[in-house]
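One-based numbering, in listed order, for ligands and for the atoms of each.
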Amino acid sequence: MSRPQDLPVEKDAIDRAATLLRQGDLVAFPTETVYGLGADATSDAAVAAIYAAKGRPRFNPLIVHVPTTRDARRLVRFDDRALALAKAFWPGPLTIVLPRRRGCPVSWLASAGLPSLAMRVPDHPVALALLRACGTPVVAPSANRSGRVSPTSAAHVRRDLGRRVALVLDGGSCRVGVESTVVDLTSPKPALLRPGGIAKSAIERVLGQTLRRIRPENGDGARLSPGQLASHYAPRARVRLGVRHPGPGEAFLAFGGVPAGIETPALDLSPQRNLAEAAANLFAMLRSLDRAGVTAIAVAPIPHRGLGLAINDRLERAAAPR
Ligand code: AMP
Ligand code: MG
């Protein structure tokens, strides 16, 4: 797969995208996780346009992207734990939920009215150049219609959003391929709201503390982790998990080799059973198996360790009843 660095986006394109963002338009751009649909986080109208373009429920808050930790500290209140995580993982696929500062200019629509904000500094040269050029915090959920498979290329974005997006910056394929890990630090007990591109264990090592896993379906999970919907990341075809041999009419998403004798369309997330490679391939392969005539996509078992947590989370939502 092409690395983002192989396809530099010209400075003119960045400047044009920054101008569009400042005007309140929507711009899609590459990050290391997936393509984001960006809007000026300080503009109610621009943030509302994001929810409309994605068909996203208004109760599902957005992540605010900034180019540096310093910029993040202007918007939310950091404590020592947050500083340690930012130092260890930013720029990178970690989102930290923190209390909003008084006078913070981010639209309340962005956080669905919550007194906290989810913050991230992405690790991608195009995303960082755009954030620096526009000089305003940018909300950027994945650049797809709500509930569907996330985009990991510029072509995916165009296919999903068409004319709903003013400009797409093409930075090639996304290196990580699954969304950021979301950690809540608004209470003394840190919590994992969503597994993602940084392993839970790596975060726990930095915090010197275990993360409690908040599941939206349990207890006060829905309040703490709004928008983590059971059905999400869904292709058109049904998805069946933990399958070793696909049935008739089923496409197969393998991990560590396609068994001999399979005649349905099949792709391998990682022949060498490498979880980082599997994460990077996940969404593009789901999209490519999701063809007419395929009744279901059967997926091989994926280990529940490291990045496997994020992969299994996305697959479980893709397979959830719609
Ligand atoms: P997405 O933009 O789809 O990658 O998802 C962002 C996710 O981050 C949301 O679905 C929420 O679960 C989580 N999130 C964003 N803002 C907050 C917040 N203020 N409090 C808790 N979770 C948040
Ligand atoms: Mg998304």
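- Within ligand 1, the atoms closer than 4.0 Å to a non-hydrogen atom of Ser116 are 18 (C), 19 (N), 20 (N), numbered from 1 in the order shown.
- Within ligand 1, counting atoms from 1 as listed, the ones closer than 4.0 Å to a heavy atom of Leu114 are 18 (C), 19 (N), 20 (N).
- Salt-bridge annotation for Arg175 and Asp123: present, with a side-chain N of the basic residue lying under 4.0 Å from a carboxylate O of the acidic one.
- At least one N/O/S atom of Ser142, whether from backbone or side chain, sits less than 2.8 Å from the Mg ion (ligand 2).
- The pair Arg194-Glu179 fails the salt-bridge criterion, with no side-chain N (NZ, NE, NH1 or NH2) lying under 4.0 Å from an Asp/Glu carboxylate O.
- Note on Arg238 versus Asp290: no salt bridge recorded, every NZ/NE/NH1/NH2 to OD/OE distance being 4.0 Å or above.
- Placement of Leu309 and Ile203 in two distinct hydrophobic clusters is found when ILVMFWY residues are connected by side-chain heavy-atom separations under 4.5 Å, directly or transitively.
- Residues Tyr51 and Leu109 share a closest heavy-atom pair of OH-O, 3.0 Å.
- Salt bridge status for Arg317 with Asp313: present, with a side-chain N to carboxylate O gap under 4.0 Å.
- Interface atoms of ligand 1 facing Arg194, defined by a heavy-atom separation under 4.0 Å, are 1 (P), 4 (O), 5 (O).
- A parallel orientation is assigned to the rings of Phe283 and Tyr233, their planes being inclined by less than 30° (bins at 30° and 60°).
- Contact annotation for Thr186 and ligand 1: no heavy atom of the residue comes within less than 4.0 Å of the ligand.
- The Asn60 neighbourhood of ligand 1 comprises atoms 9 (C), 10 (O), with distances under 4.0 Å to a heavy atom of that residue.
- Using a 4.0 Å cut-off to heavy atoms of Ala118, the atoms of ligand 1 that qualify are 15 (C), 16 (N), 17 (C).
- Proximity to Pro141 (heavy-atom distance under 4.0 Å) selects the following atoms of ligand 1: 2 (O).
- Under 4.0 Å from ligand 1, not a single heavy atom of His232 appears.
- The local environment of CZ in Arg305 is sparse, with at most 12 non-hydrogen atoms from other residues, nucleotides or ligands closer than 6.0 Å.
- The Leu193 neighbourhood of ligand 1 comprises atoms 21 (C), 22 (N), with distances under 4.0 Å to a heavy atom of that residue.
- In the vicinity of Arg56, heavy-atom distances shorter than 4.0 Å reach the ligand 1 atoms 1 (P), 2 (O), 3 (O), 5 (O), 6 (C).
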